S.K.: 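Please see the structure below; I have some questions.
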Amino acid sequence: MSERKIRVVVAKPGLDGHDRGAKVVARALRDAGMEVIYTGLRQTPESIVETAIQEDADAIGVSILSGAHEHYFREIIKLLKEKNAEDIIVFGGGVIPEDDVPGLLEMGVGAVFGPGTPTQTCIEWLEKAVAEKRK
Amino acid sequence: MFNKEELEKIKEGTKKYEEKVQKALQKFAERKPEFKTGGGLPLERLYTPEHLEGHSYVEDLGFPGQYPFTRGVQPTMYRGRFWTMRQYAGFATAAESNARYRYLLEQGQTGLSVAFDLPTQIGYDSDHPMAQGEVGKVGVAIDSLADMEVLFDGIPLDKVSTSMTINAPASVLLSMYIAVGEKQGVSMDKLSGTIQNDILKEYIARGTYIFPPKPSMRLITDIFEFCSTHVPKWNTISISGYHIREAGATAVQEVAFTLADGLAYVEAAVSKGLDPNVFGRRLSFFFNAHNDFIEEIAKFRAARRLWAKLMKERFGVTDPKALMLRFHTQTAGSTLTAQQPENNIVRVAIQALAAVLGGTQSLHTNSFDEALALPTEKSVGIALRTQQIIAYESGVANTVDPLAGSYAIESLTNEIEKQALEYINKIDEMGGMLRAIENGYVQQQIQDAAYNYQKAVESGEAVVVGVNRFTVDEQGEKRELLKVDPKVGENQVKALQEMKSRRDGEAVRRALEVVREAARDESRNLMPAIIEAVKVYATEGEICGVLREEFGEYQENIVL
């Protein structure tokens, strides 16, 4: 079967303006052959989920450096469930204390990539996760 | 700086030296084929007086406290007084932040620096839907004068200087500060401090904009005008390269884009009829202290010289105070690693030393745990001690601009100034900084630099200790991190509602109408109306709400 390209929404929820990481990751994913939709700043969970569904995305990458990660991941995952779009993979990164990671994974976040993660690690993980999903 | 005969000898000597080096290189190559600064400037193997040929001590360096201020803005620099040690702090509620400020002042900190949470920075009250999950997270939540009174409780505003990292709603927070001062019996002409008030870099790199550029520039120049007469000791803007650098810019880009922003503000104020010799005295700057030690020292010196020249040549400024670039520095948050975080203490120390050797007026040293969470009291303590060790023990503060005359430092200073000016000229050709931001040029330049750096780290060309070299397994390491009480949002909303039920609603309504009228009439200054509104406890969100209705909101130009 001819594989369609992986489609990813890279999102900045809330009021956080730190977009260096999101943009670097977006570019790296694009350079790795994926189709990337970058939302820009100040997105609500609703608008992010809406974009992901409309764009028929395989995954949503969420970047948060403001400490509001628990709130936004929870909302995004809740909305995906409500819209029967739980097959969309959610992953993220930013300034996220290690202690918070298990809780996020339990919530349904696929992976959390902390500061210093090579983009390659993120790319490989995503390729695998999408392949798994498409099986 | 050297006579002809001497220079000839040096050139001869260099030739011989190079011959020897080439021979040696055949046996033993250098570590890399080419060496560059952290910002990508090529570095020579050896700098000699030859590199400073045509350089004039009198014109290019001069004396401290004198044009072009390459060697510093004060005649005696740190022999008179150390830089202001100013740690950026604030989290949760006004009461908790107040306690942290008192702790820092007790520990010998000499100025305050207030961090506001994101809703406050973007003009939303804590009960706004967009504020959900963000209240009290990256700074303190301030909804009204009532919070501001708690924030500065027991802190005499005539004795401390306060820096507030606030941009789009700067006039509202400054008004609240003025009102708190008045309640303490301190009139506004005695207040000293800084508001960041730099909207252009928000569009470029930091993201806490509210209004479109035109009304934003008006808000800024209204503040310039109002403070010139009423709050003369206040720094009305802190033109910031810090966030531009954090977003990935090089050292040259940091200088270029910051000064280009500065020129845009000066032009806006001049076209409003303000005198650059007057408002120019209250402009201040904010730079990043990054890893490359000599490049950073050169950067600060180059920025100072270039700004003085630009103010003199472009605006005919003659007042020395309006020519001098005074700046705050913060060490580079983006260089902090989550891996082996204790190593960050060393990074911060090196960066802070560069800031001091570059002649900073005030300094924030980052805490080692900031790649993980907000800093704890302990880590903030170490960061402050780092400054005190540099000040009291290292000896570098005992003579002015001690690295001046170093062939490498002076050559890099020249090079950074030259390349920054090239950027500024290019931006002029595009029609100025506002245009260059609108068409995404500045953002694209920064993002390219950020992406190139990331690739350099991943290829191993750029070494980050503990991240791509000298790594250890840190799984399961216990760390003590600061956690903001999840109830903060709820409590803040409750307090806001209580405050609203106590205040005079009719007075608030009237005051907000006056703000609206002032917003509509460009010939009026907005500051007096905003001051009156905060005094009757109109909230920040209400005041910004009126301005949003009148001015509209900025839409991000997404560049990838």
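Computation of the quantities below employed the complete heavy-atom set of this structure, encompassing side-chain atoms and omitting hydrogens, waters and symmetry-equivalent molecules. Here the structure is a predicted model, which means the values were calculated and not measured. Naming: A, B, ... by sequence-line order, numbering from 1 per chain.
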S.K.: Between A:D16 and chain B, with a heavy-atom cut-off of 4.5 Å, which part of the residue counts as in contact: side chain, backbone, both or neither?
M.R.: both
S.K.: Can you tell me how far the CZ atom of B:F257 sits from the CG atom of B:L200, to the nearest 0.5 Å?
M.R.: 13.0 Å
S.K.: Out of B:A205, B:A247, B:A338, B:G207, return the one with the most heavy atom pairs under 4.5 angstrom to chain A.
M.R.: B:A247
S.K.: Side chain from CB out, backbone as N, CA, C, O: work out which of these in A:T119 comes under 4.5 Å of a heavy atom of chain B, or both, or neither.
M.R.: both
S.K.: So which part of B:Y124 gets closer than 4.5 Å to some heavy atom of chain A, the side chain, the backbone, both or neither?
M.R.: side chain
S.K.: Based on non-hydrogen pairs under 4.5 Å, which of A:G114, A:G21, A:G40 is most in contact with chain B?
M.R.: A:G40
S.K.: Should we count CD of B:E461 as having more than 12 external heavy atoms under 6.0 Å?
M.R.: no
S.K.: In terms of heavy-atom pairs under 4.5 Å with chain A, which of B:G139, B:S334, B:A371 leads?
M.R.: B:A371
S.K.: Main chain of B:I142, side chain of B:T120: is a donor-acceptor contact present, judged purely on distance under 3.5 Å?
M.R.: yes
S.K.: I'd like to know which of A:H71, A:R20, A:E75 tops the heavy-atom pair count under 4.5 Å against chain B.
M.R.: A:R20
S.K.: Count the heavy atoms of every other residue, nucleotide or ligand shown that sit under 6.0 Å from CD of A:E35, and state whether that count exceeds 12.
M.R.: yes
S.K.: Taking atom CD of B:Q555 as the centre, does the number of heavy atoms from other residues, nucleotides or ligands within less than 6.0 Å exceed 12?
M.R.: no
S.K.: Under 4.5 Å from any heavy atom of chain A, what part of B:V138 do you find: side chain, backbone, both or neither?
M.R.: both
S.K.: So, B:E254 side chain and B:N288 main chain: donor-acceptor pair closer than 3.5 Å or not?
M.R.: yes
S.K.: Heavy atoms only, distances under 4.5 angstrom: which of B:Q121, B:Q132, B:E202, B:E370 has the most pairs with chain A? Name it, please.
M.R.: B:Q132
S.K.: Check step by step if salt bridge (charged side-chain N to carboxylate O under 4.0 Å, His left out) holds for B:D261 and B:K201.
M.R.: CA-CA 8 Å; B:D261 281 347; B:K201 67 91 176 54; over 6 Å; no
S.K.: Would you mind checking which part of B:P129 comes under 4.5 Å of any heavy atom in chain A, side chain (CB onward), backbone (N, CA, C, O), both or neither?
M.R.: neither
S.K.: Evaluate the side-chain proximity of A:I64 to A:F73: yes if any heavy-atom separation is below 4.5 Å, no if none is.
M.R.: yes
S.K.: Can you tell which part of B:V559 gets under 4.5 Å to a heavy atom of chain A, answering side chain, backbone, both or neither?
M.R.: backbone
S.K.: When only pairs under 4.5 Å are counted, which of B:K455, B:Q447, B:R206 shares the most heavy-atom pairs with chain A?
M.R.: B:Q447
S.K.: Taking every non-hydrogen pair under 4.5 Å, which of B:N468, B:L372, B:V135, B:V464 racks up the most with chain A?
M.R.: B:L372
S.K.: Heavy-atom distance under 4.5 Å to chain B: side chain of A:R42, backbone, both or neither?
M.R.: both
S.K.: Pick one of side chain, backbone, both or neither for A:S66, based on which atoms fall under 4.5 Å of a heavy atom in chain B.
M.R.: both
S.K.: Taking B:S216 for the side chain and B:P212 for the main chain, is one N or O donor matched with an acceptor at less than 3.5 Å?
M.R.: yes
S.K.: Which answer fits B:D448, side chain, backbone, both or neither, if we ask what part of it has an atom under 4.5 Å from a heavy atom of chain A?
M.R.: both
S.K.: Is it true that B:D369 and B:K378 have a side-chain N and a carboxylate O under 4.0 angstrom from each other?
M.R.: no
